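What follows is one structure encoded as structure tokens, with my remarks underneath.
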Number of protein chains: 2
Amino acid sequence: MNSKTHNHLDIGSILSEKGISRTNFRTKLVNYFYSSNKSLSVDDILKYFNNSINKVTVYRSLVSFENNGLIHKVPDTNNLMRYSLCRKEECSPISHNHNHGHFICYSCNQTFCLEGVKYPEIISMKGFYVKEFKLTAEGYCKECYKN
Amino acid sequence: MNSKTHNHLDIGSILSEKGISRTNFRTKLVNYFYSSNKSLSVDDILKYFNNSINKVTVYRSLVSFENNGLIHKVPDTNNLMRYSLCRKEECSPISHNHNHGHFICYSCNQTFCLEGVKYPEIISMKGFYVKEFKLTAEGYCKECYKN
DNA sequence: ATAAAAAACGCAACCAAGTTGCATTTATTT
DNA sequence: AAATAAATGCAACTTGGTTGCGTTTTTTAT
């Protein structure tokens with residue numbers, strides 16, 4: 001373990017490390033991402049902060065987090081902005097690597113990363129210059145299926 | 001060829017066959033779908049009719065067409081409503097069968113059906129009750145790549 | 001062919017999600 | 001600690017789509 005490079009993983013310093021301004025709200029927001037460990041929509045965030053924070057601030061914070069490789073967009077059936085933490089050193093400010101499908105639950109609207117489901121090889125795509133794949137499955141997650 | 005069941009494929013009668021009211025506008029709209037032979041957004045349609053038609057009418061017509069198995073939604077990178085004709089007896093009012101991926105061009109925003117790209121088998125989805133798959137590829141189509 | 005019923009249309013108003021400009025406050029840099 | 005840069009909040013705006021309702025057109029039943 002290198003004690004210099006990546007030892008202090010306390011959440012507060014993550015912002016500074018990524019080059020994001022360490023404001024009161026942003027610190028709490030990154031904390032929320034780490035503690036909830038699920039994808040978050042703007043609405044989730046506004047509710048969590050009891051609407052004490054302006055939605056513009058939320059939007060701008062999310063864009064900043066995304067640009068600095070801290071979070072990434074995940075698909076959502078309702079076409080709203082939804083973000084997940086970037087994990088496993090997959091992402092950087094330069095490029096996000098999310099080469100896996102997503103599952104969206106109709107009931108709880110949660111988005112799950114399907115790490116096991118990789119994209120198909122680029123086949124029978126003649127005539128198309130493919131830049132990006134998106135694979136999403138929709139249905140009910142284990143938790144919601146019970147009820 | 002059975003002359004009774006499906007002979008008169010003139011576009012005008014398609015609406016009646018599907019149980020959709022045969023109004024002036026709807027006849028022109030289904031004609032536009034058949035003649036352009038590509039996916040259409042609400043904006044495409046409004047422009048085609050030089051904004052002489054009310055957008056509400058467009059939205060309601062599209063919903064009606066969809067409910068009667070004439071057209072189906074296709075994905076769009078800009079998250080707007082976009083529709084394609086249902087072809088090859090794939091669709092009915094009861095169920096739409098579009099078990100294939102789609103390609104969306106960044107440049108012309110056109111959505112293409114990738115008939116050759118079927119969805120992966122339901123694998124490694126443990127804990128998820130999958131109802132629907134969506135596979136989209138994005139990039140540049142042949143036409144736009146040239147320029 | 002026509003009257004009654006049903007569906008489509010257009011308008012205006014509305015809604016939700018997200019964006020922009022600008023003045024103020026808070027962080028960061030030096 | 002002062003200068004600079006970035007974040008915040010407010011209000012106003014934009015885009016894409018929806019709803020209610022009175023009027024017109026289409027369909028159905030006679």
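Each chain gets a letter, A, B and so on, in the order its sequence line appears, and its residues count up from 1. Treat the numbers as computed from the prediction; the structure is a model and nothing was measured.
- Between B/Tyr129 and A/Tyr145, the ring planes are parallel. Angles under 30° get that label, and only those over 60° would be called perpendicular.
- Applying the ring-ring contact (aromatic ring centres under 6.0 Å, His included) criterion to B/Phe33, with sequence neighbours excluded, gives no partner residue.
- Legend: residues meeting side-chain contact (heavy atoms from CB on, under 4.5 Å) with A/Lys28, ordered by chain and number and at least two apart, are A/Asn24, A/Phe49.
- The phosphate of C/dA27 has neither OP1 nor OP2 within less than 4.0 Å of any side-chain N or O from A/Ser16.
- Here B/Ser16 pairs with B/Arg22 under the side-chain contact (heavy atoms from CB on, under 4.5 Å) rule; sequence neighbours left out.
- Chain A approaches DNA chain D within less than 4.0 angstrom (heavy atoms of the protein), and the contacting nucleotides run 5' to 3' from D/dA6 to D/dA11.
- Under the ring-ring contact (aromatic ring centres under 6.0 Å, His included) criterion, B/Tyr34 pairs with no residue, sequence neighbours left out.
- Within residues 25-33 of chain B, the residues having any heavy atom under 4.0 Å from DNA chain C are, by residue number, B/Phe25, B/Arg26.
- Taking five base pairs at each end of the helix from C/dA1-D/dT30 to C/dT30-D/dA1, the local helix axes there meet at an angle of 40°, rounded to 10°.
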Output one line per pair: protein atom, nucleotide atom from nucleotides 21-26 of chain C, and distance, for all N/O pairs under 3.5 Å.
| residue | atom | partner | partner atom | Å |
| --- | --- | --- | --- | --- |
| C/dG21 | O6 | A/Arg60 | NH2 | 3.4 |

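- Between the side chains of A/Thr77 and A/Glu138, no donor-acceptor pair is found at a separation under 3.5 Å.
- With sequence neighbours left out, the side-chain contact (heavy atoms from CB on, under 4.5 Å) criterion links A/Ser21 to A/Thr23.
- Listed by first and then second residue, the salt bridge (charged side-chain N to carboxylate O under 4.0 Å, His left out) pairs that reach into residues 75-85 of chain A are A/Asp44-A/Arg82, A/Asp76-A/Arg82, sequence neighbours excluded.
- Partners of A/Ser61 under the side-chain contact (heavy atoms from CB on, under 4.5 Å) rule, at least two apart in sequence or in another chain, are A/Phe25, A/Arg26, A/Leu29, A/Thr57.
- Within the structure, side chain to side chain donor-acceptor pair (under 3.5 Å) contacts touching residues 46-56 of chain A (residues at least two apart or in different chains) are A/Asp43-A/Lys47.
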